[in-house]
Amino acid sequence: MQHDLIAQARTWLAEDPDPETRAELGAIIEAGDTQELAARFAGTLQFGTAGLRGELGAGPMRMNRSVVIRAAAGLAAYLKAQGEEGGLVVIGYDARYKSADFARDTAAVMTGAGLRAAVLPRPLPTPVLAYAIRHLGAVAGVEVTASHNPPRDNGYKVYLGDGSQIVPPADGEIAAAIAAVGPLADVVRPEDGWQTLGEEVLEAYLARTDAVLAAGSPRTARTVYTAMHGVGTSVLTAAFARAGFPEPVLVAEQAEPDPAFPTVAFPNPEEPGAMDLAFATARRAAPDLIIANDPDADRCAVAVPDTATEGGWRMLRGDEVGALLAAHLVERGATGVFAESIVSSSLLGRIAEKAGLGYEETLTGFKWIARVDGLRYGYEEALGYCVDPEGVRDKDGITAALLVAELASVLKEQGRTLLDLLDDLALAHGLHATDQLSVRVEDLSVIADAMARLREQPPTALAGLAVTSAEDLSRGTDRLPPTDGLRYHLEGARVIVRPSGTEPKLKCYLEVVVPVADAAGLPAARARGAELLDGIERDLAAAAGI
């Protein structure tokens, strides 16, 4: 067994084109660290609907040039099998470790396989890549990013020619093509032959961002902005300047790309502490709102002044921003379909129904939301918003930020704030309070055990609310394809439990709806909502054994 493991590692080492990972793996072999080798050679990183994502390092269970070259070769073989010989593949990348290398390897493999490849000119937001696919008439796109994962991770996200992320069965067919790739020496990788795009593709994207705003709308909101050490700063500030908003005050410590993400434990605006520097900057600059992107700028977080919150600033939940943008679009006379994933707040459906608009619920992920027929607006509670589906069929943290700033400006002209509009929505539709119980694990069996326990012994009540129905989403429903998840409906509440598709986490999404008779009843409704959420979280954790 030990001999086989070392032989396997030596075979991998002989093929590895990267001096860094070769040296790393050679040192592990030399040290005879079979435990580390076992972890790295326990299988291969699985290609799924999120593409690839994992920790950087040598071996088939890590993200590295060998794994990426195989992924690119499999994708090229899939595209050719679909009749796309000679088609254009656009490649974008963020500023993480190895991202530029992975992008270049992908371009070389596509060129060698008889496809045309075009690489974005520099590290840019993921939505620029999603836009470029349709803008340039590409047959596919690849974005090298691990989004908001820890610094040691990287990833590989695949889009097809419609500009949307892949869904089944394409993911399985690409995975099979990757598995069929032979020795790396047989993968043709020329030194050149692909195109490096100029700034004109970014200019076209920026010209498109203006389309999300209403002609003549007020543009007075003042913002503090953080790129969270990612690639958003230059693009967002350019978009704001074009639109005529005041220049955002930058969180200086986080404005420039830095793959080490030195000021945050996790480069995700939702994580505790990630927004501390933004709050400190806002206390000095006194803006109307804070806007944050995640490192690849496809997500948008919003914080607002709130005297009831310690420190004077409050992060809005993704569901709150989702509802605010929906209400703003309704007020602007939007037509079409509003869509969200099943883990997002049911408030969107009520807003759409009252406005006479179509409404769709999808599985988690913009790969599903972006495919809704007639989509006008889609969002997901994890800070993802699609406000210009004709331009970018994915979440876009730049255009979402513009729309939030426009809404804040409209309200500012009326002497009102985003919090005032949230109160209006609670009075019109009931107070929708949401929260998330998220458990990060080292051992993935903890997640499997929790899901098995909930399936075998589903809770009958949570926080004193009776469970009126329980659905095992792995069986699918009349409107949704199968997915690994559980959904519980309670009297005035809803709970969904699912493993994360991109991180080693078990996620539980909680929502309660508390009726509100008048404005005077809002504080009591909020207190009741918080109490119920706490109780549901406590009881659900006990039921799941986490």
Side-chain angles (χ1 to χ4, degrees), residues 125 206 209-210 212-214 217-256 263-264 267-295 297-318 320-325 327-328 383 385 387 396-424:
L206 285 169
T209 62
D210 298 350
V212 305
L213 302 173
S217 64
R219 314 278 167 92
T220 55
R222 293 176 305 109
T223 58
V224 157
Y225 171 72
T226 176
M228 206 68 64
H229 297 298
V231 296
T233 297
S234 63
V235 180
L236 182 129
T237 52
F240 270 54
R242 289 178 68 103
F245 285 103
E247 184 179 355
V249 175
L250 302 181
V251 178
E253 303 92 331
Q254 299 174 335
E256 295 303 317
T263 68
V264 291
N268 178 355
E270 294 178 294
E271 293 282 351
M275 294 289 287
D276 287 356
L277 286 170
F279 293 150
T281 304
R283 283 191 283 272
R284 293 193 299 272
D288 298 304
L289 72 164
I290 297 170
I291 288 172
N293 287 140
D294 66 339
D298 62 351
R299 297 168 195 247
C300 176
V302 180
V304 294
D306 185 359
T307 54
T309 302
E310 185 181 348
W313 283 85
R314 173 164 88 82
M315 267 278 284
L316 297 181
R317 300 194 69 84
E320 292 177 312
V321 177
L324 288 168
L325 290 178
H328 182 45
L383 311 182
Y385 314 94
V387 301
D396 183 346
I398 306 295
T399 49
L402 285 170
L403 204 59
V404 168
E406 179 183 64
L407 171 57
S409 300
V410 169
L411 293 168
K412 186 177 180 179
E413 301 283 297
Q414 301 167 358
R416 286 159 43 83
T417 68
L418 296 174
L419 294 180
D420 293 327
L421 181 52
L422 285 173
D423 286 349
D424 292 350

(message) Is it the case that atom CD in Q414 sees more than 12 heavy atoms from other parts of the structure closer than 6.0 Å?
(response) yes
(request) Using the side-chain contact (heavy atoms from CB on, under 4.5 Å) rule, pick out the option among T307, I290, V224 that qualifies with W313. (result) I290
(request) For M228 and M275, work out which heavy atoms get closest and say how close. (result) CE-SD, 4.0 Å
(request) State whether the side chain of R283 and the backbone N or O of G311 hold a donor-acceptor pair below 3.5 Å, judged by distance alone. (result) yes
(message) Can you confirm whether L236 sits close enough to P248 that some side-chain heavy atom of one is under 4.5 Å from a side-chain heavy atom of the other?
(response) yes
(request) Applying side-chain contact (heavy atoms from CB on, under 4.5 Å), run through V264 and Q254 and close with a yes or a no. (result) CA-CA 9 Å; V264 291; Q254 299 174 335; 3.6 Å; yes
(request) Return the minimal non-hydrogen interatomic distance between N293 and R299, and the atom names on each side. (result) ND2-O, 2.9 Å
(message) Between R222 and P246 (side chain of the first, backbone of the second, donor and acceptor by atom type, cut-off under 3.5 Å), is there such a pair?
(response) no
(message) With no hydrogens and no angle check, just 3.5 Å: does a side-chain donor-acceptor pair link E253 and T263?
(response) no
(message) Please list all pairs meeting ring-ring contact (aromatic ring centres under 6.0 Å, His included) that have one or both residues in residues 218-254, counting only residues at least two apart or in different chains.
(response) F240-F245
(message) Go through it in stages, so that I can follow the logic: the residues are T223 and L289, the test is side-chain contact (heavy atoms from CB on, under 4.5 Å), and I'd like the CA-CA distance, side-chain angles, deciding distance and then a yes or no.
(response) CA-CA 5 Å; T223 58; L289 72 164; 3.4 Å; yes
(request) Examine distances only and state if a side-chain atom of T281 and a backbone atom of V251 form a donor-acceptor pair shorter than 3.5 Å. (result) no
(message) I need the minimum non-hydrogen distance between V231 and P125, along with the two atoms involved.
(response) CG2-N, 3.5 Å
Donor-acceptor pairs under 3.5 angstrom involving side-chain atoms of residues 397-413: please list them, not counting sequence neighbours.
from: T399; atom 1: OG1; to: D396; atom 2: OD2; distance (Å): 3.0
from: E406; atom 1: OE1; to: H328; atom 2: NE2; distance (Å): 2.8
from: E406; atom 1: OE1; to: R332; atom 2: NH1; distance (Å): 2.7
from: E406; atom 1: OE2; to: A214; atom 2: N; distance (Å): 2.8
from: E406; atom 1: OE2; to: S217; atom 2: OG; distance (Å): 2.6
from: S409; atom 1: OG; to: T220; atom 2: N; distance (Å): 3.1
from: S409; atom 1: OG; to: A221; atom 2: N; distance (Å): 2.9
from: S409; atom 1: OG; to: A405; atom 2: O; distance (Å): 2.7
from: K412; atom 1: NZ; to: T220; atom 2: O; distance (Å): 3.3
from: K412; atom 1: NZ; to: D288; atom 2: OD2; distance (Å): 2.8
from: E413; atom 1: OE2; to: T220; atom 2: OG1; distance (Å): 3.4

